[in-house]
Every structure is written in C-alpha cells, then in structure tokens.
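Down below is the structure, laid out as structure tokens.
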There are 2 protein chains.
Amino acid sequence: MTQQPSKIVEFDHPCPIRDVLDRIGDQWSVLVLLTLQPGTRRFNELMREIGDISKQMLSRTLKHLEQDGFITRTVYPEVPPRVEYDLTELGHSFLEPMQALVAWADANHRTIAESRRRYRAGE
Amino acid sequence: MTQQPSKIVEFDHPCPIRDVLDRIGDQWSVLVLLTLQPGTRRFNELMREIGDISKQMLSRTLKHLEQDGFITRTVYPEVPPRVEYDLTELGHSFLEPMQALVAWADANHRTIAESRRRYRAGE
DNA sequence: GGACTAGGTCTACTAAATAGACCTATACGG
DNA sequence: CCGTATAGGTCTATTTAGTAGACCTAGTCC
C-alpha cells in the first residue's frame, strides 16, 4: 500500500476534456482498451498481446481504467489466482470514436512516414 | 544542436497504428493541434493559450508535428523574430476523427467523474 | 518437500519532463 | 550611447515517471 504515491484519484483539471484526454492519452490506456475489445482477457494475456508493457504499468493502467469505469475486474479466488478483465458499456462506447482515429492512422501513416523521411533528408 | 539526443526520427514500430498513436498520443500533441485549429498561432501565443506547457516541450512537440506534416512553421526574419504555426491539410483532416473523441469526452466526463468518486469511496 | 503457477508488489535504476537561466540582434527611451 | 525590452528558442540542473527484475502467496503435481 506504500507504493509510489501516484495521484490516481486527483483530477481536478478545470477542463473536463483535458481531464479525460490526459487519462486515456497516456502511453498505454488506449492500447489496453483495444486489446480488450475482442473480449475477456487475463493479466498475462494482456502482457503477451501488448508485448512491451511492464507489469507495473499494466497493473496501473488497468487500475485507472477500472476506476474510470472503462473496464471491470473479476477475481476468481483460486490458486493460482485468476483475474479477468472486460470492457464495460462505457469502454465499448469509447472505442467507437477511437476506431475512427485508428482508421485515420491506418489511412495516413504512409503520408506521415513520407513526411518524416523528407524532413530527415533535410526538407 | 547537442541537446538531449531524442529519437525524433526513429520510428520503426512494426505496427503503423501504434506508430501514429504513440506520436500523437503524447501529453501535448493533440492539445497543440486543437489550439491551432482556429487559425495561425505564434510560439508564445501557444504557450499562453495552453497554459501549463514548458517551452522545451512546446518546442519539441512543434518540431515533431512539423516533421510529421501536421503543421507548417513559417519564420519571418525580423528582430525580434516572428514564427507562425499553421495546421496543414493533414493536420485538419486528423482533427476530424479527433473531434468525435473530444465530443465523446465531453458527453461522458460526468459518468467518468462519478465512477471515480464511487471508486474512491471504496466501491 | 521441491518446483510450478498467476497476478501482482517492491526496490533500484534509467529515461523523460520541467523550471528557469541564458542567448541573439535590433529598436526604443532616457 | 547605454540600458532595457522583445520573440523564440536552447542549455542545465532537478524532479518525476517508467522499466527491469527479484520477490510473494498458497495450492497442486511429481
């Protein structure tokens, strides 16, 4: 319980949009949500599918997402323990506009890569 | 030129979507783009309008966005110097799906805030 | 009774972000 | 003519966030 203090629950940003975007705009949240989209996942499944997230960050990201109501966390008191994560209604509804963005990224990543190349080559 | 190395131009992420999302998913990029949406802005105008971004991060974010083709940077060689930033076509097109997300955030921030409160109160 | 398991947490280390001093060259005020 | 202000940054030192990897738990299998 004495872990890094982390301002988990303090979010009195005056602008509600920044409030929300700051939260889902971190390195991992969107990725976790997208990984949960096809259905239930367990902790280590998420680790494997995402590939390069650390345990601590996954743990923290999941805690945030649960706290904000994007996902549910279900513990089965077995040994070894089993914990399942699922998108909530809110989580699913968030992914709709997010999909539009993913589609945009998919459609435009070539243009962007090209722009980067040109820039690197010295304008 | 000997600033913090920064892997500005290295982005060989296998997944193009993560590539793009990692870039615009940082703390500031989206905020800068939204601030440029109404029209041309100068460096210090962006500083003031965003409010809590550091000079260095604004400078870096603008460089990234220019590099990726989201904005243009126009220098007027006066003294004191004048530099104007503008969204490109690509920048504007990106903001379309982004608007959907902003609208979602606006529509749901109450639900989220409520969820956080409940969580803090101990479920 | 030793090894293995899943889902984490803890600690020590490294990378990134911030605050704020500093730089440039000209124009203006006294 | 000397000091000051100005815009758009960069540099350095400090604070903060993220990572890697050891460790914990307790029940089941060998």
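Sequence lines set the chain letters: A, B, ... in the order given, protein chains first and strands last, and positions in each chain run from 1.
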Any chance you could lay out the side-chain hydrogen bond (donor to acceptor under 3.5 Å, both in side chains) test for A:S115 and B:D68, step after step, and finish with the verdict? CA-CA 5 Å; A:S115 179; B:D68 283 8; 5.9 Å; no
Could you walk me through whether A:Q27 and B:Q27 pass the side-chain hydrogen bond (donor to acceptor under 3.5 Å, both in side chains) test, one step at a time? CA-CA 9 Å; A:Q27 196 67 196; B:Q27 196 66 198; over 6 Å; no
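Taken from CD in B:E45 to CZ in B:R48, the straight-line distance is 6.0 Å, to the nearest 0.5 Å.
Hydrophobic cluster membership differs between B:V75 and B:V79, with clusters built from Ile, Leu, Val, Met, Phe, Trp and Tyr side chains linked at under 4.5 angstrom.
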Between N or O atoms, less than 3.5 Å apart, protein on one side and nucleotides 6-9 of chain D on the other: list the pairs.
from	atom 1	to	atom 2	distance (Å)
D:dA7	O4'	B:P81	O	3.4
D:dA7	O3'	B:R42	NH2	3.1
D:dA7	O3'	B:P81	O	3.0
D:dG8	OP1	B:R42	NE	3.1
D:dG8	OP1	B:R42	NH2	3.4
D:dG8	OP1	B:V83	N	3.0
D:dG8	OP1	B:V83	O	3.3
D:dG8	OP2	B:N44	N	3.3
D:dG9	OP1	B:R73	NH2	2.1
D:dG9	OP2	B:Y85	OH	2.6
D:dG9	N7	B:K55	NZ	2.7
D:dG9	O6	B:K55	NZ	2.7

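Atom CZ in A:R48 sits roughly 12 Å away from atom C1' in C:dG7 (whole-Å rounding). In this structure, OH of A:Y76 is placed 12 Å from P of C:dG7, rounded to the nearest angstrom. Atom-to-atom, CG of B:D52 to C1' of C:dA17 comes out at 12 Å; the value is rounded to the nearest Å. Between the CD atom of B:Q27 and the C1' atom of D:dG18 there is a distance of 14 Å, rounded to whole Å. Atom CE of B:M47 is separated from atom C1' of C:dT18 by 11 Å (rounded to the nearest Å). The CH2 atom of A:W28 sits 17 Å away from the P atom of D:dA17 (whole-angstrom rounding). With rounding to whole Å, A:E78 atom CD is found 15 Å from D:dT25 atom C1'. In this structure, CD of B:Q56 is placed 15 Å from P of D:dT14, rounded to the nearest angstrom.
Under the 3.5 Å distance criterion, with hydrogens and angles disregarded, no donor-acceptor pair is assigned to the side chains of A:Y85 and A:R41.
In this model, the phosphate group of D:dG18 is approached by a side-chain N or O of A:R60 to a distance below 4.0 Å at OP1 or OP2.
Contact annotation: the side chain of B:L36 approaches that of B:L46 to within less than 4.5 Å [non-hydrogen atoms, C-beta and beyond].
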